[in-house]
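As structure tokens, the structure follows; a few thoughts come after it.
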Protein chains: 2
Amino acid sequence: MEARGQAVAPSLIGQAGIIDDFGLSLGVLLRAYHAMVASVLEHVPQGPRGYQTLAAVARGNQPSQLALAGCLGIDRTVMTYLIDDLVAAGLVERQLNPADRRQRKIVATPRGISILEDAERAVREAEDRLLGALDRDQRADFRALLRRAACAVGDVGDVGAAGIPCAD
Amino acid sequence: MEARGQAVAPSLIGQAGIIDDFGLSLGVLLRAYHAMVASVLEHVPQGPRGYQTLAAVARGNQPSQLALAGCLGIDRTVMTYLIDDLVAAGLVERQLNPADRRQRKIVATPRGISILEDAERAVREAEDRLLGALDRDQRADFRALLRRAACAVGDVGDVGAAGIPCAD
DNA sequence: TATTGTTATACTCTATAACTATA
DNA sequence: TATAGTTATAGAGTATAACAATA
């Protein structure tokens, strides 16, 4: 509802040497990703973030909410609300760790697993639509390069020494 | 200051089949980008966003704040504050368009151009550090694929018909 | 009547601090 | 004393609505 006349130009990204900014492209792509997967994640609370958390719960093996928050790069206070919503939706459960009763181990319910599997398919399709300008090989290349780059930056900083190395 | 013991794992991204999420990788990379360039853009108000706006002002030729906002994908109300700060820093000026006195054409000052040129070099170096896990050819590939993908999503929706086609 | 720019307001997301319980 | 989790509060960032000036 914004670009009506000819006054408002479309994105300048990629327009032959006018503006070709890496950060802007990254931001545009992430925003478009959020918009696209949001419409596909109606059964998952908190959209992409809830989906990523559910996937980390089901596919990973994190012993606590804190560990979960750490590996997703979000705050532990945010994780509380996130888990609250996932529990309310019946997708995960909080289990007390008998060995250390301060920790809550988050496990996916059967329903959570089922929803996740559907969501993974739908998200994958949305991603391919998002990368529609690239052909199959280019999409695969882009995914691989993105993964490698993100993996490397995820390892910098305070982790590293004690950290599990990024299996490339 | 978070991962001390062995309880908190580093990012799960890329860890051999545990979690390999496109959206998570994109988010991680953008956050790291923001952190990296922020430390490099001390002379540019509003960090990456101010930098992108300054670049759009200097490199593009947008007739109004609204056009500027449109091509950067931000709200016109945000653009007002952004321009306010860039003007206060002496990097751009508001010029009234005599042909349509509702519009303000934003132009870069000599100081703005100078700051921009320095910033562009510094940002480029920061980007290469960010993509340090990729070699030279891979970085070039990644930049090109990212640009093409972002360009395509930037063109969808309300623009398109009236829009300038994305010069690929 | 519609559009540009501004201002004020509200809403969302995230970060900080304080608290409880466990160790 | 330190850590896991929760809650409350505050701060960014962003979106919505109302307004003045101009077309």
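Everything quoted here is computed from the prediction, not taken from an experiment. Numbered from 1 within each chain, the chains take letters A, B, ... in sequence-line order.
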Is a side-chain donor or acceptor of [X] paired with a backbone partner of [Y] at a separation under 3.5 angstrom?
{"X": "B:R139", "Y": "B:L134", "answer": "yes"}
{"X": "B:R104", "Y": "B:R102", "answer": "yes"}
{"X": "B:Q138", "Y": "B:D135", "answer": "yes"}
{"X": "A:S25", "Y": "B:L146", "answer": "no"}

Any non-hydrogen side-chain atom of [X] less than 4.5 Å from a side-chain atom of [Y]?
{"X": "B:I106", "Y": "B:Q62", "result": "no"}
{"X": "A:P45", "Y": "A:L91", "result": "yes"}
{"X": "A:D84", "Y": "A:R94", "result": "yes"}

Original post:
Does anything in residues 27-50 of chain B pair up under side chain to side chain donor-acceptor pair (under 3.5 Å), and if so which pairs, sequence neighbours excluded?
Top reply: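 Residue pairs with at least one partner in residues 27-50 of chain B: B:Q46-B:D85.
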Which atoms of nucleotides 20-23 of chain D (N or O only) lie under 3.5 Å from a protein N or O atom, and what are those distances?
| residue | atom | partner | partner atom | Å |
| --- | --- | --- | --- | --- |
| D:dT22 | OP1 | B:R101 | NH2 | 3.2 |
| D:dA23 | OP1 | B:R101 | N | 3.0 |

Take the protein atom [atom1] of [X] and the nucleotide atom [atom2] of [N], then report the distance between them rounded to whole Å.
{"X": "B:L66", "N": "C:dA2", "atom1": "CG", "atom2": "P", "answer": "16 Å"}
{"X": "B:R31", "N": "D:dA12", "atom1": "CZ", "atom2": "C1'", "answer": "16 Å"}
{"X": "A:K105", "N": "D:dG5", "atom1": "NZ", "atom2": "P", "answer": "12 Å"}
{"X": "A:Q65", "N": "D:dA4", "atom1": "CD", "atom2": "P", "answer": "11 Å"}
{"X": "B:L72", "N": "D:dG13", "atom1": "CG", "atom2": "C1'", "answer": "16 Å"}
{"X": "A:Q62", "N": "D:dA4", "atom1": "CD", "atom2": "P", "answer": "13 Å"}
{"X": "A:H34", "N": "D:dG13", "atom1": "NE2", "atom2": "P", "answer": "17 Å"}
{"X": "A:I74", "N": "C:dT14", "atom1": "CD1", "atom2": "P", "answer": "8 Å"}

Original post:
Which residues, if any, of residues 77-91 of chain B bring a heavy atom under 4.0 Å of DNA chain C?
Top reply: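 Only B:T77, B:T80, B:Y81 qualify.
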Original post:
Can you find an N or O donor on one side and an acceptor on the other, under 3.5 Å apart, linking the side chain of A:R104 with the base of D:dG5?
Top reply: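 Absent.
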Subject >> Under-4.0 Å salt bridge between B:K105 and B:D100 >> reply: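 No, this pair does not count.
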**OP:** Assign A:R94 to base, sugar-phosphate, or nothing according to its heavy-atom contacts below 4.0 angstrom with the strands shown.
**Re:**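 Touches sugar-phosphate only.
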**OP:** Using a heavy-atom cut-off of under 4.0 Å over every strand shown, decide if B:R49 touches base, sugar-phosphate, or nothing.
**Re:**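 The answer is sugar-phosphate, as B:R49 gets under 4.0 Å only of primed atoms, P, OP1 or OP2.
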**OP:** State which of C:dT4, C:dA18, C:dA15 makes the closest approach to the side chain of A:D75.
**Re:**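 Among the listed nucleotides, the one closest to the side chain of A:D75 is C:dA15.
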